[in-house]
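These figures come from a predicted structure and were not determined experimentally. Below, chains carry the letters A, B, ... as their sequence lines are ordered, and counting in each starts from 1.
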Amino acid sequence: MTEATRTGQMLAADGTPLKRSLQRALRAQKLRALMLIAPLLLFIMVTFVAPIADMLFRSVENQIVSDTLPRSAQAIRDWDHNSGEPPSEDVLAAFTIDMIAAVERKQHTRLGTRLNYEQNGLSSLFRKTGRGVGDIGETYRDQFAALDPAWTDPGTWIALFADPSWQADHDAWEAARTAARSAGRSFAEPVPPFRLKDGMAGVLPETADAYLDFARAVQGGRNGDPAARAPWPPVYLALYRDLTAVGVGRIATLDEAAQALLDPAHYAVRGFERADLAALYAGIDRAWSQPDVWATIQTFSARYTPGYFLTAVDLKQTPDGITSQPADQKIYIMLFERTLVMSLTIMGACVLLGYPIAFLLANLPMRSSNLLLILVLLPFWTSLLVRTSAWKVLLQQQGVINDILVWIGIVDNAGRLILINNQTGTIIAMTHILLPFMILPLYSVMKTIPPSYVRAAKSLGATNWTAFWRVYFPQSVPGIGAGCILVFILAIGYYITPELVGGTSGTFISNRIAYHISSSLNWGLAAALGTILLGVVLALYWTYDRLVGIDKVNLG
Amino acid sequence: MSQMDLPPYATPGQRLWHYTFKVICGLIFFFLIAPILVIIPLSFNALDFFTFTPGMLAFDPEAYSLKHYRDFFNSPDWQQALANSIRIAPSATILSVVLGTLAAVGLSQDHVPFRRTIMAILISPMIVPLIISAAGMYFFYARIGLQGTYLGVVLAHAALGIPFVIITVTATLVGFDRSLTRASASLGAGLLRTFFKVQMPLILPGVISGGLFAFITSFDEVVVVLFVGSANQKTLPWQMFIGLREQISPTILAVATVLVAVSILLLTVVELLRRRSERLRGLSPG
């Protein structure tokens, strides 16, 4: 009796149970296959899938408003845009600090551009306001200066707001700089990053916040030194607001030097002349006294927005909900429809022209069909731009086709046909370019249809037509399906040919996406349009994979 | 007797249809081929016209010249574009072929988990509209500092060429006789030796034609290079695209003719390889 039959188990040559040994071999095999695939999968993930995912994310991303105007986005949340009034003084004060910080960082124009997509005129409004916002708070700065000239000294602010350890770091940095300069060496060491003194945010919250932003913005931009500059006038506005709100008891928690500075100011602010922020903003631009602009800021202060997708389907997000775009701006649905209709037309033309050719190739003897196949493969291998330039040359009004038509006498010289820079041009050129993609799958399906079926049908009395239509054609339908999906997928996303021969009436949605990326710089909208297009293509891709199997694409 | 031959007993109606069908097919072939062929004589035009001049139609030697070819070889713009194309396409091809062949060999093994999904991801660069790939790569490569660099363009083109390598190499592996690798292993060859001495020579035609596809993809590609590249990386198609969009100059026809010659060369090589491969694997008698 052998070992195996005694234990009831089959054993491999090395004595391990056969089942486990097989499993181990299988696992090793799987692992080896995955190891071979992994580098490429990783490569595609990084170079291709991640960029696409990044673009999808861009279509909803809207951090620019809440990043550039963090305080305003917070403060404006409770404002009622239907009140007919601009927001309260608190919101205006928060907006002033946000704006001046954005101006220092040169971000206000980018924000203006972003909001201009939602409401026309905001780009120039933000530019204009960027120039004027630095004056808001000057009234307070002058009054603080009159009270105690120390308020305009940068050192006063550093002593009041900077953390003692930062001040020590800063002194060390300054000493190093002086030493380097006197030794004639260049000194590129950055200023140590500003740190706020503990406890200040509890006593003077708005000022501490504004001063911190000031110090960071000054350091961030041209690597400036906050200890060498008096704060922006809007910081004095914050100081005024804090001092009118804070109690004496809070100031008493600070150190003596701070108390000596703040106590008289705390007493004096009650007598200060007030600046009317609403009037100051109205002075910069009338638009700020209307609720519209504020409503737009409020609506788009969320971190994620459906706004780009709504624009992509001709809708619009307003403070009062989703509405339809004005009629003169409804272009995207029309463009999507045009892309679909033209792609379907091209697909239809490809079936009509491709079917006879595939039929001929499939039914000729091998030798002649191989020869004719070259005629199909040559265009397939020829550069897309060569084919497009050929059509551009042929279809011109002074081009070869019009010349021939005039010579034959179909059209007279004055009535030369306009075949280019319109839909006709796009359809002709793209049908030519995509025709091989229809012929090749059709041909590979037709090659597998046994000729005996048609012969059988004929011998049973079918006419040529009946034999073709009832017997041959149904068997070629999978090829038509495969070819159609392939041609349609390729056509719907075409960019180069419509751009070059489509003029304005023959362009596709892809051309609009390219326009938004390179000319109008509305990347969010480009991403949203791209996401919709990608969705359509992937749905078709999935169908193709189910029907044909993506690895069975015939490349000739 | 082939299906397409007319039987001797055909009626006049059938005869008529038979010849009509051949004429229709002829016209479609003409539509396919004529636009490509017509630019070849036009590129020898002595004048800056895009149509046949009376002199050309009369075969007057004076009406033909190599002027546009001289323009192509003397213009620094075109020469830089040519140099860039020759620099970018081979690098992208090598990258696609090496990674693609490994993965195709991996995918052709039995018991690969998630084969369908992996395949769909690897083929997707061929399916996703170029403008979307270009837009995504433009944003993402700008973030990681690859936008406007040769490396960025090469990586992007390699990604676009990979599906072709996967498809052609997988197709060659379908008819691959697995007992050959087992025989090799039983004779004492290691994995690497088996791969290079047994498997590789058999799938080589597929690898080469996949490589040629990847090459032509990169060599012809314009959308992605427009976005991912900058003026320093402009390739021949880029220069052609700009030329066609702004002012079309007849030099483009000379460039187009050169590119047609390249395509014919590549097509011939691919066809010869395909036939050789089919013969090797015994798939076709011809």
Below 30° counts as parallel, above 60° as perpendicular, anything between as tilted: where do the rings of A/F359 and B/F21 land? perpendicular

Any donor-acceptor pair under 3.5 Å from A/T382 side chain to B/V260 backbone: no

Count the heavy-atom pairs under 4.5 Å between each of A/I433, A/L360, A/D403, A/I489 and chain B, then report the option with the highest count. A/L360

Turns out that what part of A/L372 lies under 4.5 Å from chain B's heavy atoms comes down to both

Can you say whether A/V400 sits under 4.5 Å from chain B via the side chain, the backbone, both, or neither, judging by heavy atoms? both

Given A/W381 and B/I264, is the side-chain contact (heavy atoms from CB on, under 4.5 Å) satisfied, shown in steps? CA-CA 8 Å; A/W381 275 89; B/I264 293 177; over 6 Å; no

Around atom CZ of B/F114, are there more than 12 heavy atoms of other residues, nucleotides or ligands at under 6.0 Å? no

If one checks every heavy atom of A/L500 against chain B at 4.5 Å, the contacting part turns out to be side chain

Can you say whether A/M45 sits under 4.5 Å from chain B via the side chain, the backbone, both, or neither, judging by heavy atoms? side chain

Any side-chain heavy atom of A/D545 sitting closer than 4.5 Å to one from B/I123? no

Interface moiety of B/F219 toward chain A, non-hydrogen atoms closer than 4.5 Å: neither

Which bit of A/Q398 is near chain B, if near means a heavy-atom gap under 4.5 Å: side chain, backbone, both or neither? backbone

Kindly assign one of parallel, tilted or perpendicular to the pair A/W391 and B/F31, based on the angle between their ring planes and the thresholds 30° and 60°. tilted

Classify the ring geometry between A/W523 and B/F139 as parallel (under 30°), tilted (30 to 60°) or perpendicular (over 60°). tilted

Which of residues 526-533 of chain A get closer than 4.5 angstrom to chain B, counting heavy atoms alone? A/G530, A/L533

Measuring only between side-chain heavy atoms, which start at C-beta, is B/V105 closer than 4.5 Å to A/I37? no

Judged by atom type as modelled, is there a donor-acceptor pair below 3.5 Å linking the side chain of A/R32 to the main-chain atoms of B/G106? no

Is it true that a side-chain atom of A/Y494 and a backbone atom of B/L130 form a donor plus acceptor pair closer than 3.5 Å? no

So, the side chain of A/K392 versus the backbone of B/L244: is there a donor-acceptor pair under 3.5 Å, distance only? yes

Highest number of heavy-atom pairs under 4.5 Å with chain B: which of A/G354, A/S368, A/S389? A/S389

Output for pair (B/R115 CZ, A/L34 CG), nearest 0.5 Å, gives 11.0 Å

Given a strict heavy-atom distance threshold of 4.5 Å, which part of A/L394 is in contact with chain B: side chain, backbone, both, or neither? side chain

Residue from A/I401, A/I513, A/L435, A/L384 scoring the most non-hydrogen pairs under 4.5 Å with chain B is A/L435

Distance (rounded to the nearest 0.5 Å) between B/I127 CD1 and A/Y544 OH: 7.5 Å

Assert top hit (heavy-atom pairs under 4.5 Å, partner chain B, pool A/I52, A/I357, A/I517, A/V537) equals A/I357

Counting heavy-atom pairs under 4.5 Å with chain B, which one of A/L353, A/N511, A/V501, A/L31 comes out on top? A/L353

Under 4.5 Å from a heavy atom of chain B, the part of A/N370 involved: both

N/O donor-acceptor pair under 3.5 Å between A/Y495 side chain and B/P129 backbone: no

What part of A/I374 lies closer than 4.5 angstrom to a heavy atom of chain B: side chain, backbone, both or neither? both

Do B/Y141 and A/T47 have side chains that get closer than 4.5 Å, going by heavy atoms? yes

Region of A/L378 that comes under 4.5 Å of a non-hydrogen atom in chain B: both

